[in-house]
Amino acid sequence: MSESKDFLRTIVEADLKSGKYKEVTTRFPPEPNGFPHIGHAKSICINFGIANDYNGHCNLRMDDTNPTKEDTKYVEALKDAVEWLGFEWDKSVRYTSDYFPKIHEYAIALIKMGKAYVDSTNEEEMRELRGTVTEAGKRSKYANRSVEENLELFEKMKNGEFKDGEHVLRAKIDMSAANMKMRDPLLYRIKHAHHFRAGDEWAIYPMYDFAHCLSDYIEGVTHSICTLEFENNRDIYNWVLDTLGLTSPRPYQHEFARLGINYTVMSKRKLLELVEGGQVNGWDDPRLPTIAGYKRRGYTAESILNFCDGIGIAKANSMVDVAQLEFSIRDDLNKKVPRVMCVLDPLKVTIVNYEGSEEIEASYYPHDVPKEGSRKLPFAKEIYIDGADFEENPPKGYFRLTPEQAVRLKYAYIIKCKEIIKDTNGNIVEIKAEYYPNSKSGEDSSGIKVKSAIQWVESTQAKKIEVRVYDRLFKTEAPEGVEDLNPNSLQVIKNALIEPAVINQKPDVRFQFEREGYFYADPIDYTDENPVFNKIVGLKESSSKKKKAPKPAPKAEAKKVQIDGEVVAMSKEEQALFDKYTQLGLNSEVANTLARDAKLSHFFEEALLTRNSPVNIANIVTNDVARELKQKEINELKFSAKQIAELVEMVDNELISSKIAKQVFEEMNKNGANPKEIVESKGLIQISDPAIILPLIEEIIAKNPENVEKFKAGNTKLLGFFVGQVLKATRGKGNPKVVNELVARELN
RNA sequence: UGGGGUAUCGCCAAGCGGUAAGGCACUAGUUUUUGGUACUGGUAUUCGGGGGUUCGAAUCCCUCUACCCCAUCCA
């Protein structure tokens, strides 16, 4: 955990500290209707991570309230994902379906309270009655059935006496609620469907909004963490628990932004389309952002965990760059994985002046990876290098083999090109080269400097392997559908050549193919006869090696002009107030705010009765009082207009600074105390005496020599820093004007 | 259009009235038998825009703008 906490942990910590809960319990509650993807991984990391961090528990719960979509194969995949990521759920896996009897009882309780009713309108009519975002809805005519009737109907629903869709159970909330979700939400629907766990026991199934909050409550969950799109559902969540009287300790819902990654899709629907449309090879296709896909591609659980940790948790919709994910896996594998040599695009090189053969000892790990292990590399006259490592007409800055430029065969000798053999089409098919016998790695006395050391394999002992090279699945950053697919997302190389030790010794399943990237022995298709490797991710490439893709020119961004919308005109009354206030000396902005807000202007005028200091009163009213009045009515305030006037009086008389006034205001707002008493009891009278302030300033200056330097070098912002420090030393009581002057003088 | 959210560097993201954290990406240099790694630097005079309050505002107030979510018997 980094030192800066995310907002969820901040909430959890506060709740623990305040004693709201003794212990934190979270849950990861997927619906088992599809394969988990990296978005689930984020949720898993959050829920299990928080539970771990605060010594709590996290449940794994299958939210299986819709029997027509769910299947046990998905619960297996979900369990696998959590396990693979290294988390342990508390006790056994939970199922919402296990709570069906309890949830049913709660429904009956609601009916008995007159808070739920059986509605028999059909789907279409119900939609119409629901209204629109701007128009209130209308209650169904069935809403006033008696409790007995509702109970009887609901019982029959449960017993399967009706067909699907004939009736539903609804909460009786408010058909004109601004929040559409609160317009008498459905609690139960009839579904004559086989449930993969509950079998055919139930003819009715609870809706998400009813089942989820109750399941959380039943499990003793404290923090019900979900994604942003459930924000509107929070009201129902609270309504159900509150109405049923399910009080403390009870769960509260908190929402975070779901994960988006560019160049891929994350929705179950789109993923399903790709799988069913055959654009990819199943749910574990290595190009997919599914857990199964990453696993098969060769990603480590640690890298996914680190990724989730690195992207943070917040409430802003965001799209994370794949580069961040790629960094995570490179960073992880770099420390762990043996390096071997593989030639993806073999080009034959015959070393004309070399005879015989030898074996060269080569470490599996570079000098900066503290791991042991090595293998023998066969070397002989005929070898293969990668086609990309030779250029007949090299671009500027090319480091590898050219007709003019020698190169080192990694761990072996330096060679230079003598002759290029081409086929009838002009394609290079072979290089005749010469080696420098005294240039062998470790015993090089040739004195030749080369710019690069390249990978190679010896021709007779190299093994042929299949390599699957993956590129991003989509060619656009925010793909919509199949039309955005990258046609080259999979490249199969059938005849790559690899050094024999990899196949014979099998020192690992993940490798770095030197200078190429990280690769993974495909867990499904790999056989001894046909070894298959998946490319996990390429090595980071810098500067000239990837020059092919020139950077798009820096956008000549015109300073964006933002057009202001139209402000609603003032009414006649408001205009009159506005005029009156400006005449009192208020600036137009303040007068405007006051005039347009009846509560504020009322409060302002009342304060004015106590003290005739319109400007200062207006300022505190339009700022601090306004903040409180946003969510409260005047009579709910702990302080009175008279008290505000008294507060202003002290500011007017320079008894306290405006900074202290804010502090006093907070106090008044909290407990309704009298401002003068607060100032007296806390000794908040302003300090303006230089004799007191000056020593403080000198002390601060002495303690911060570096900042003094920076200030003198021209960083004038630091004045604020010093003022802040001095003010802190006076516990806010210093007269800021005086402090400012004195600090400025001392510093110069 | 009513309601609920969100806006800080190319991408994430801290920050909660007193010096604009950090990571990715980018970039320059050092080391390097991987154009990798590691290391050392450079990258926001400014926080969606405009006003206001304050000695001092990314943080408080007003206002405008943009984007996301909500009218499934899905979750």
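On a predicted model such as this, the values are computed, not experimentally measured, just so you know. Chain identifiers are assigned alphabetically (A, B, ...) following the order of the sequence lines, protein sequences preceding nucleic acid strands; residue numbering begins at 1 within each chain.
The nucleotide whose nearest atom lies closest to any side-chain atom of A:N334 is, among B:C24, B:U37, B:C55, B:U37. Among B:A7, B:G18, B:A75, the nucleotide with an atom closest to any side-chain atom of A:A316 is B:A7. For A:K191, counting side-chain heavy atoms from C-beta on, the closest listed nucleotide (B:C12, B:U34, B:C74) is B:C74. Among B:C62, B:U54, B:G36, the nucleotide with an atom closest to any side-chain atom of A:R339 is B:G36. Considering only side-chain atoms of A:D368, the nucleotide from B:G17, B:U37, B:G4 that sits closest is B:U37. Comparing B:G52, B:A25, B:A75 by their closest approach to the side chain of A:F327 singles out B:A25. Residue A:H367 has its side chain nearest to B:U32 when only B:U32, B:C70, B:C12 are considered. Side-chain proximity of A:K662 to the nucleotides B:A75, B:A57, B:C70 is greatest for B:A57. Counting only heavy atoms from C-beta on, A:N619 has its side chain closest to B:U54 among B:G52, B:A75, B:U54. Listed candidates were B:C73, B:G35, B:C24. Nearest to the side chain of A:A323 is B:C24.
The CG-P distance, from A:D321 to B:C24, rounds to 12 Å in whole Å. Computed from coordinates, the A:R258 CZ to B:C67 P distance equals 20 Å when rounded to whole Å. With rounding to whole Å, A:R627 atom CZ is found 13 Å from B:A57 atom C1'. Atom pair A:M319:CE and B:C12:P shows a separation of 8 Å (rounding to whole Å applied). One atom, OH of A:Y581, and another, C1' of B:U53, lie 18 Å apart when rounded to the nearest Å. Distance A:K710 NZ to B:U45 P: 17 Å, rounded to the nearest Å. In this structure, A:N232 atom CG and B:G5 atom C1' are separated by 8 Å, rounded to whole Å. The distance from atom CZ of A:F578 to atom C1' of B:U63 is 13 Å, rounded to the nearest whole Å.
An aromatic stacking contact links A:F399 with the base of B:G35, defined here by ring centres under 5.5 Å apart and ring planes under 30° from parallel.
By the 30° and 60° cut-offs, the orientation of the rings of A:Y237 relative to A:H212 is tilted.
Of the N and O atoms on the side chains of A:N592 and A:R596, at least one donor lies less than 3.5 Å from an acceptor on the other residue. Side chains of A:Q253 and A:R234: a donor-acceptor N/O pair is absent below 3.5 angstrom, by distance only. In this model, a donor atom of one side chain and an acceptor atom of the other lie less than 3.5 Å apart for A:S97 and A:D64.
Ion pairing of A:E255 with A:K315 is present here, as a side-chain N (NZ or NE/NH1/NH2) and a carboxylate O approach within less than 4.0 Å. Taking 4.0 Å as the cut-off between side-chain N and carboxylate O, A:K662 and A:D624 count as a salt-bridged pair. A salt bridge does not link A:R515 to A:D386: none of the charged nitrogens lies less than 4.0 Å from a carboxylate oxygen. Using a cut-off of 4.0 Å between Lys/Arg side-chain N and Asp/Glu carboxylate O, A:D444 and A:R408 are scored as salt-bridged. Between A:R183 and A:E135 there is no salt bridge, since none of the side-chain N atoms of the basic residue sits less than 4.0 Å from a carboxylate O of the acidic one.
Looking at heavy-atom distances under 4.0 Å, A:Q512 makes contact with a base. Among the heavy atoms of the strands lying under 4.0 Å from A:N233 is at least one base atom, whether or not backbone atoms are also near. A:Y188 comes within 4.0 angstrom of no nucleic acid atom, judged by non-hydrogen atoms across all strands. Using a 4.0 Å heavy-atom distance criterion, A:V320 is classed as a sugar-phosphate-only contact. Residue A:V590 is classed as a sugar-phosphate contact, given heavy-atom separations below 4.0 Å to backbone atoms only. Contact annotation for A:T121: base contact, defined as any heavy-atom pair under 4.0 Å involving a base atom. At the heavy-atom level, A:E514 lies under 4.0 Å from base atoms of the strands shown. A:K451 comes within contact range of no nucleotide atom at all, as no heavy-atom separation falls under 4.0 Å. Backbone-only contact: A:K315 has heavy atoms under 4.0 Å from sugar-phosphate atoms and none from a base.
Comparing the same atom, C1', in B:A14 and in B:A38 gives a spacing of 27 Å after rounding to whole Å. Nucleotides B:G15 and B:A58 are separated by 8 Å at their C1' atoms, to the nearest Å. The same atom, P, is picked in B:G18 and in B:C12; the two are 27 Å apart, to the nearest Å. As rounded to the nearest Å, B:U19 and B:G51 have P atoms that lie 24 Å from one another. With P as the reference atom, B:C39 and B:A66 are 45 Å apart, rounded to whole Å. Going from the P atom of B:C55 to that of B:G50 covers 23 Å, rounded to whole Å. Taking atom C1' on both B:A25 and B:U31, the two are 23 Å apart, rounded to the nearest angstrom. Annotation: B:G2 and B:C64 have their P atoms spaced 12 Å apart (nearest Å).
For B:C26, the paired base is B:G42 (Watson-Crick or G-U wobble, both distances below 3.5 Å). Applying the Watson-Crick and G-U wobble criteria (two distances, each under 3.5 Å), B:C67 pairs with B:G5. Taking a pair to require two hydrogen-bonding distances under 3.5 Å in either a Watson-Crick or a G-U wobble arrangement, B:G17 remains unpaired. Both distances falling under 3.5 Å, in either a Watson-Crick or a G-U wobble arrangement, occur for no nucleotide opposite B:A57.
In this structure, A:K181 does not reach the B:C69 phosphate: none of its side-chain N or O atoms is under 4.0 Å from OP1 or OP2. Contact annotation: A:S452 side-chain N/O to B:G35 OP1/OP2 distance is under 4.0 Å. Listed pair A:T134 / B:G3 fails the phosphate criterion, with no side-chain N or O lying under 4.0 Å from OP1 or OP2. Note on A:R330: every side-chain N or O is 4.0 Å or more away from OP1 and OP2 of B:U34. OP1 or OP2 of B:C74 has not a single side-chain nitrogen or oxygen of A:T68 nearer than 4.0 Å. The phosphate of B:C74 (OP1 or OP2) has no side-chain N or O of A:K268 nearer than 4.0 angstrom. In this model, the phosphate group of B:G35 is approached by a side-chain N or O of A:R515 to a distance below 4.0 Å at OP1 or OP2. An OP1 or OP2 oxygen of B:C73 is reached within less than 4.0 angstrom by a side-chain nitrogen or oxygen of A:R130. Between B:G35 and A:K540, no contact under 4.0 Å exists linking OP1 or OP2 to a side-chain N or O.
Looking at which nucleotide of RNA chain B each of A:F7 and A:F230 is closest to, the 5′-most match is held by A:F7. Each of A:N704 and A:G442 lies near RNA chain B, and the nucleotide nearest A:N704 is the one positioned closer to the 5' end.
For A:N623 and B:G52, a side-chain-to-base donor-acceptor distance below 3.5 Å is present, hydrogens and geometry of angles not being considered. Taking 3.5 Å as the limit, the base of B:U19 and the side chain of A:N707 contain a donor-acceptor pair of atoms between them.
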| message | Set out, in order, the CA-CA distance, both residues' side-chain angles and the distance that settles side-chain contact (heavy atoms from CB on, under 4.5 Å) for A:L719 and A:F711, then state yes or no. | response | CA-CA 7 Å; A:L719 188 65; A:F711 178 81; 4.0 Å; yes
